[in-house]
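Data block below; observations after.
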Amino acid sequence: MRLSRYFLPILKETPSEASIVSHRLMLRAGMIRQASAGIYSWLPLGFKVLRKLENIVHEEQVRAGHIPMLMPTLQSADLWRESGRYDDYGQEMLRIKDRHDRDMLYGPTNEELITDIFRNSITSYKQLPQTLYHIQWKFRDEMRPRFGVMRGREFLMKDGYNFDLTKEDALHAYNRHLVSYLRTYERMGLKAIPMRADGGPIGGDYTHEFLVLADTGESEVFYDSDVTDLTFGSREIDYDDVAQCQAVLEEFTTRYARTDETHDEALYAEIPEERRRTARGIEVGQIFYFGTKYSEVMNAVVVNENGERVPVHMGSHGIGVSRLIGAIIEASHDDKGIIWPESVTPFKVGIVNLKQGDGEADAACNALYKELDAAGLEPLYDDRDERAGGKFATMDLIGLPWRLTIGPRGLKNGVVELTSRKTGISEELVPAEAVARLKAIYAAI
RNA sequence: CGGGCUAUAGCGCAGCUUGGUAGCGCGUUCGUCUGGGGGACGAAAGGUCGUGAGUUCGAAUCUCGCUAGCCCGACCA
């Protein structure tokens with residue numbers, strides 16, 4: 001993409017509405033614009049990141065054997081009356097009437113709808129297990145939206161639902177989700193720690209929240225410092241291997257890690273003092289096993305091998321996709337702007353032409369741009385007639401992990417400069433080497 | 001939902017106390033110079049002063065209502 005043709009309305013000054021760093025940077029970098037309280041338009045740069053996060057979520061869900069689909073944002077109130085949640089959910093649920101005066105709602109989650117779909121189609125244990133998910137916009141009418149996309153009213157969420165014959169099967173689904181979430185967050189460059197959590201309005205006996213540690217997090221968390229050393233890494237996983245998934249769950253959840261909701265001072269005190277940690281965290285996902293809570297009230301039953309009609313065991317599992325962008329920025333920025341992890345960056349490399357209009361510089365930039373573009377390295381070429389300082393500031397603000405700087409001075413020696421946004425370290429390379437280096441970097445992501 | 005605050009040019013703000021010509025910085029446009037970390041000089045465009053009523057000869061400014069948004073708290077992916 002040539003910057004001169006792109007839509008990137010960056011702001012030099014901070015809009016007064018933003019108080020936390022991710023919100024400020026998303027506004028300044030031209031990623032989002034507020035449409036109304038807690039509701040945002042996603043401008044091209046923000047939208048690009050959002051799509052990358054979605055793709056990672058999709059890939060990891062499919063890898064775990066879960067099946068993508070798409071349910072609507074608007075739902076009929078009838079199903080929610082059936083589950084009893086139409087009254088329980090309270091003012092957070094946005095209620096709407098259609099022209100026939102029917103009660104509708106903008107879905108805050110989809111347990112009822114998916115259960116309805118399930119019960120109308122699945123009748124036998126032979127058709128189990130099933131795990132379906134979608135990535136769809138949700139709406140929760142927060143009393144006080146704030147922090148930009150971290151706590152908006154409209155938000156993009158991946159929510160998945162498993163249907164199993166037995167509790168054991170459902171707990172395996174729970175474990176599968178835990179493993180797939182570990183992989184998902186790590187791919188996004190995040191350290192998200194599973195912590196024992198509270199069921200909330202969705203309910204559930206087994207539930208873990210995934211938290212990214214950040215000073216601006218909404219939850220106070222308590223943990224054994226050993227949990228921050230755990231990484232899933234590139235190990236092989238067979239999602240059908242019950243014992244293997246269970247082992248991962250145990251590895252990641254036996255050490256103490258809890259939010260303030262479930263914090264237990266006595267257990268916390270058992271951790272060696274030097275390993276006790278308290279911090280703040282941003283919740284980026286949650287997994288639940290809730291048994292037959294919905295299947296019983298909504299009559300989601302299958303016939304088992306003895307010919308008996310039994311309610312299915314269910315769980316639901318969410319990842320806050322739009323809020324993840326805020327979490328990533330909170331965890332990865334400096335005073336100049338965002339620092340994107342390579343896996344989610346909107347453009348993989350920025351090209352800065354230091355002297356637009358100079359024949360040699362323009363030619364070198366064009367050639368590199370074309371080559372990088374053809375190689376799938378998603379270059380953003382700053383071909384505006386701006387001064388170097390402005391171009392650098394823009395690149396730093398929008399946070400592309402790599403920058404190629406090209407100017408007459410370097411070209412005289414046949415080199416361009418490749419700079420890491422994260423470390424600030426620059427290297428002078430001949431253009432072909434720079435391309436090869438970038439290819440190698442991204443091949444490893 | 002309790003408490004606090006704000007609304008004036010695309011963004012950040014001043015002007016309001018004490019009513020009378022709407023201003024500054026950044027950005028934008030044009031020109032000249034400049035050219036490796038938001039450069040300089042000159043010129044220009046851009047405003048229903050959130051909205052409705054009231055007071056007044058006259059309201060951005062005073063009064064009342066409404067709306068929107070922000071911050072702290074409680075609540076929440």
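Here is how names work: the chains are called A, B, and so on, in the same order as the sequence lines, proteins then strands, and each is numbered from 1.
- Distances shown here put a side-chain N or O of A/Q34 below 4.0 Å from the OP1 or OP2 atom of B/C70.
- In this entry B/C64 has B/G52 as its Watson-Crick or G-U wobble partner, both defining distances falling under 3.5 Å.
- With no hydrogens or angles considered, a side-chain donor-acceptor pair links A/R85 and A/Y294 at under 3.5 Å.
- In this structure, the side chain of A/K12 does not engage the main chain of A/I10 through any donor-acceptor pair within 3.5 Å.
- Within the 3.5 Å criterion, the main-chain N or O of A/A300 finds no donor-acceptor partner in the side chain of A/R119.
- For the P atom pair drawn from B/A59 and B/C11, the interatomic distance equals 27 Å after rounding to whole Å.
- Put simply, the side chain of A/K348 does not reach to within 4.5 Å of the side chain of A/L372, judged on heavy atoms.
- For A/I282 and B/C76, the CD1 to P distance is 18 Å, given to the nearest whole Å.
- Considering only the side chain of A/E283, B/A77 comes nearest among B/A77, B/A74, B/C76.
- In this structure, A/M157 atom CE and B/A77 atom P are separated by 9 Å, rounded to whole Å.
- Nucleotides B/G50 and B/C70 place their C1' atoms 15 Å apart, quoted to the nearest Å.
- Both distances falling under 3.5 Å, in either a Watson-Crick or a G-U wobble arrangement, place B/G69 opposite B/C5.
- A gap of 14 Å separates the C1' atoms of B/C16 and B/U63, to the nearest Å.
- Among B/G69, B/G38, B/G36, the nucleotide with an atom closest to any side-chain atom of A/L354 is B/G36.
- When the nucleotides B/A77, B/C11, B/G37 are ranked by their closest atom to the side chain of A/Q286, B/A77 comes out on top.
- Here A/Q356 lies out of heavy-atom contact (under 4.0 Å) with every strand.
- Residue A/R144 places at least one side-chain N or O under 4.0 Å from the OP1 or OP2 atom of B/C71.
- To the nearest whole angstrom, the two P atoms, one in B/U61 and one in B/A77, are 44 Å apart.
- The side chain of A/K355 has B/G35 as its nearest neighbour among B/A74, B/G35, B/G38.
- Using modelled atom types, one finds no donor on one side chain facing an acceptor on the other under 3.5 Å when comparing A/Y239 with A/H177.
- Heavy atoms of A/D385 sit under 4.0 angstrom from at least one base atom.
- In this structure, B/A40 forms a base pair with B/U32, meeting either the Watson-Crick or the G-U wobble geometry with both donor-acceptor distances under 3.5 Å.
- The separation between A/E261 atom CD and B/A74 atom P is 13 Å, rounded to whole Å.
- Taking only side-chain atoms of A/E13, from C-beta outward, the nucleotide of B/C26, B/C1, B/G69 with the closest atom is B/C26.
- Of the candidate nucleotides B/U34, B/C11, B/A77, B/U34 has the atom lying nearest to any side-chain atom of A/R387.
- One finds no side-chain N or O of A/R323 lying less than 4.0 angstrom from the OP1 or OP2 phosphate oxygen of B/C76.
- Side chain of A/E218, nearest nucleotide from B/C76, B/G38, B/G36: B/C76.
- As rounded to whole Å, 11 Å separates atom P of B/C70 from atom CZ of A/R146.
- Atom pair A/E92:CD and B/A74:C1' shows a separation of 13 Å (rounding to whole Å applied).
- Taking atom C1' on both nucleotides, B/C30 is separated from B/C66 by 44 Å, rounded to a whole Å.
- Rounded to whole Å, the separation between the P atoms of B/C62 and B/U6 comes to 12 Å.
- Across the interface with RNA chain B, nearest-nucleotide mapping of A/S322 and A/P15 shows A/P15 to be the residue nearer the 5′ end.
- As rounded to whole Å, 15 Å separates atom C1' of B/G50 from atom CD of A/E17.
- Distances shown here put a side-chain N or O of A/S16 below 4.0 Å from the OP1 or OP2 atom of B/C13.
- Remark: of the listed residues A/F210, A/Y133, A/Y185, A/Y185 is the sole one forming a side chain to side chain contact (heavy atoms under 4.5 Å, CB included) with A/I319.
- Using a 3.5 Å distance cut-off with no hydrogens or angles, the side chains of A/H208 and A/Y181 do not pair a donor with an acceptor.
- Remark: the A/R28 side chain and the B/G12 base include no donor-acceptor N/O pair separated by less than 3.5 Å.
- A distance of about 11 Å separates the C1' atoms of B/A7 and B/U51, rounded to the whole Å.
- The side chain of A/K12 places an N or O atom within less than 4.0 Å of a non-bridging phosphate oxygen (OP1 or OP2) of B/G27.
- Nucleotides B/C33 and B/C71 have their C1' atoms positioned 47 Å apart, rounded to a whole Å.
- Distance, A/D334 CG to B/G37 P: 18 Å, rounded to whole Å.
- A/F155 qualifies as a stacking partner of the B/A77 base, centre to centre under 5.5 Å and near-parallel within 30°.
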